[in-house]
There are 2 protein chains.
Amino acid sequence: MNIGQASGASGVSAKMIRYYEEIGLIRPSARTATNYRVYSDGDVHVLRFIKRARSLGFSLEETERLLALWQDRERESSAVKAVATSHIEDLERRIGEMQAMVKTLKHLAHCCSGNARPDCPILEDLAGTGPGGPEPVVAPTKDG
Amino acid sequence: MNIGQASGASGVSAKMIRYYEEIGLIRPSARTATNYRVYSDGDVHVLRFIKRARSLGFSLEETERLLALWQDRERESSAVKAVATSHIEDLERRIGEMQAMVKTLKHLAHCCSGNARPDCPILEDLAGTGPGGPEPVVAPTKDG
DNA sequence: CCTTGACCTTACCATGATGGGAAGCCCTAC
DNA sequence: GTAGGGCTTCCCATCATGGTAAGGTCAAGG
């Protein structure tokens with residue numbers, strides 16, 4: 001199987017397959033006499049594993065650890081669970097951060113009339129000024 | 001005020017102040033005779049605006065638009081609100097994606113005994129195999 | 001046999017926002 | 001005058017992915 005077929009069978013782009021090989025996430029594939037990469041069904045299985053791990057948000061580094069555990073018949077499931085739990089915590093932390101942003105933004109957007117007039121509590125918040133506060137004295141951007 | 005003092009007063013690192021200047025987010029600062037960057041209180045105000053926008057998750061591109069609106073006395077608050085609303089939608093989409101990941105991961109982690117035995121529903125999910133399914137025939141990683 | 005088009009190869013560049021470091025100049029205090 | 005800290009520019013790294021260019025290969029068909 002060529003890289004294009006392995007890509008189609010796994011859902012991982014050819015570009016990424018080569019990259020994963022380059023960084024050592026997967027072993028270098030076999031090659032034809034003309035230097036084409038050749039993949040087996042087992043290789044595709046590995047690629048699908050990576051694809052699934054990525055879709056669950058695991059980094060390539062975590063994916064590498066999970067692959068190693070998958071391959072290790074002596075693994076303890078606690079080790080796998082630890083990777084997953086740590087990732088869950090990371091996701092929840094990031095979700096919390098973004099939810100805080102959303103909360104603030106929704107409040108500001110709610111307070112903004114969103115009409116043709118210039119007064120805007122969103123800008124006032126960003127500027128750190130109260131309503132009717134000062135405008136920037138000097139035009140602050142590149143085209144000012 | 002030197003760049004270090006502007007950094008301290010705004011919370012934006014000197015590195016980032018130079019970068020913002022380079023990409024045109026802020027105008028090139030004044031310079032001393034010996035080429036040191038010089039900042040005014042107004043410049044610091046702009047930097048604090050950027051800092052606050054970034055902390056609410058706005059991209060630098062969105063921040064540039066917000067800065068331009070801030071500076072524009074003729075702005076319509078609807079334009080500001082549109083930027084914020086679009087950003088809120090983006091955040092909520094990403095939150096939803098991550099929550100879906102968390103949901104799946106928590107389910108898998110809950111089903112994983114997390115003990116010294118190798119059987120693990122997390123790996124089974126990633127591998128696309130049911131319980132007791134096949135292990136990879138060929139060691140899949142670089143050190144296999 | 002030769003062409004055509006699809007596929008493969010490597011190599012380099014780009015993203016977004018930030019940090020790190022090197023080499024060299026400047027400024028202040030002692 | 002020197003030491004230490006701050007400033008300058010320039011280059012590199014991150015993380016995961018996409019794009020593109022220049023060139024080799026392969027299969028089908030004239």
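Not measured: the values here are computed from a predicted model. Numbered from 1 within each chain, the chains take letters A, B, ... in sequence-line order.
- The side chain of B/Arg54 has C/dT18 as its nearest neighbour among D/dA16, D/dC7, C/dT18.
- What you find for B/Pro118 and A/Arg73 is that their closest heavy atoms are CB-O, 3.6 Å.
- Note: CE (A/Met1) to P (C/dC7) measures 16 Å, nearest angstrom.
- In the displayed structure, B/Arg52 atom CZ is contacted under 6.0 Å by more than 12 heavy atoms of other residues, nucleotides or ligands.
- Taking 4.5 Å as the limit, every side-chain heavy atom of A/Met101 sits out of range of all side-chain heavy atoms of B/Ile88.
- Inter-residue side-chain proximity for B/Val83 and A/Ile122 is flagged as unmet; no heavy-atom pair is nearer than 4.5 Å.
- Side chain of A/Lys15, nearest nucleotide from D/dT20, C/dG19, D/dT17: D/dT20.
- In this structure, the OH atom of B/Tyr39 is 10 Å from the P atom of D/dC7, given to the nearest Å.
- Look at CE on B/Met16: it is 17 Å from C1' on D/dC7, rounded to the nearest Å.
- Between the CD1 atom of B/Ile23 and the C1' atom of C/dT18 there is a distance of 11 Å, given to the nearest Å.
- Remark: P of D/dG6 and CD1 of B/Ile3 are 13 Å apart, rounded to the nearest angstrom.
- Rounded to an integer number of Å, the gap from A/Glu21 CD to C/dT9 P is 9 Å.
- Rounded to an integer number of Å, the gap from A/Glu22 CD to D/dA16 C1' is 12 Å.
- Within a 6.0 Å radius of CD in A/Glu97, other residues, nucleotides and ligands contribute more than 12 heavy atoms.
- Helix-axis bend for the helix from C/dC1-D/dG30 to C/dC30-D/dG1: the local axis fitted to the five terminal pairs at one end deviates from that at the other end by 30°, rounded to 10°.
- Ring geometry for B/Phe49 versus B/Trp70: interplanar angle under 30°, hence parallel rather than tilted (30 to 60°).
- Following rounding to the nearest Å, A/Tyr19 (OH) and C/dC12 (P) show an atom-to-atom distance of 16 Å.
- For B/Ser59, taking side-chain heavy atoms from C-beta onward, the closest of the listed nucleotides D/dT8, D/dA16, C/dA17 is C/dA17.
- In this model, the phosphate group of D/dG6 is not approached by any side-chain N or O of B/Arg37 to a distance below 4.0 Å at OP1 or OP2.
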**Complete:** Per-nucleotide protein contact along nucleotides 24-30 of chain C, 5' to 3', at a 4.0 Å heavy-atom cut-off (B base, S sugar-phosphate only, - neither), is --BS---
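- OP1 or OP2 of D/dT17 has at least one side-chain nitrogen or oxygen of A/Tyr20 nearer than 4.0 Å.
- Taking 4.0 angstrom as the limit, A/Arg18 places none of its side-chain polar atoms (N or O) nearer than this to OP1 or OP2 of C/dC8.
- Annotation for B/Cys112 and A/Lys81: closest pair O-NZ, 2.8 Å, computed over non-hydrogen atoms.
- Nearer to the 5' terminus of DNA chain D, by closest-nucleotide assignment, is the contact made by B/Arg31 (compared with the other of B/Arg31 and A/Phe58).
- Closest heavy-atom contact between B/Leu108 and B/Pro121: CD2-O, 3.9 Å.
- Listed candidates were C/dG21, C/dC8, D/dT17. Nearest to the side chain of A/Asn2 is C/dC8.
- Across A/Thr63 and A/Arg54, no two heavy atoms sit closer than the pair OG1-CD, 4.2 Å.
- Nearest heavy-atom pair, A/Ser7 versus A/Val12, reported as atom, atom and distance to 0.1 Å: OG-O, 2.7 Å.
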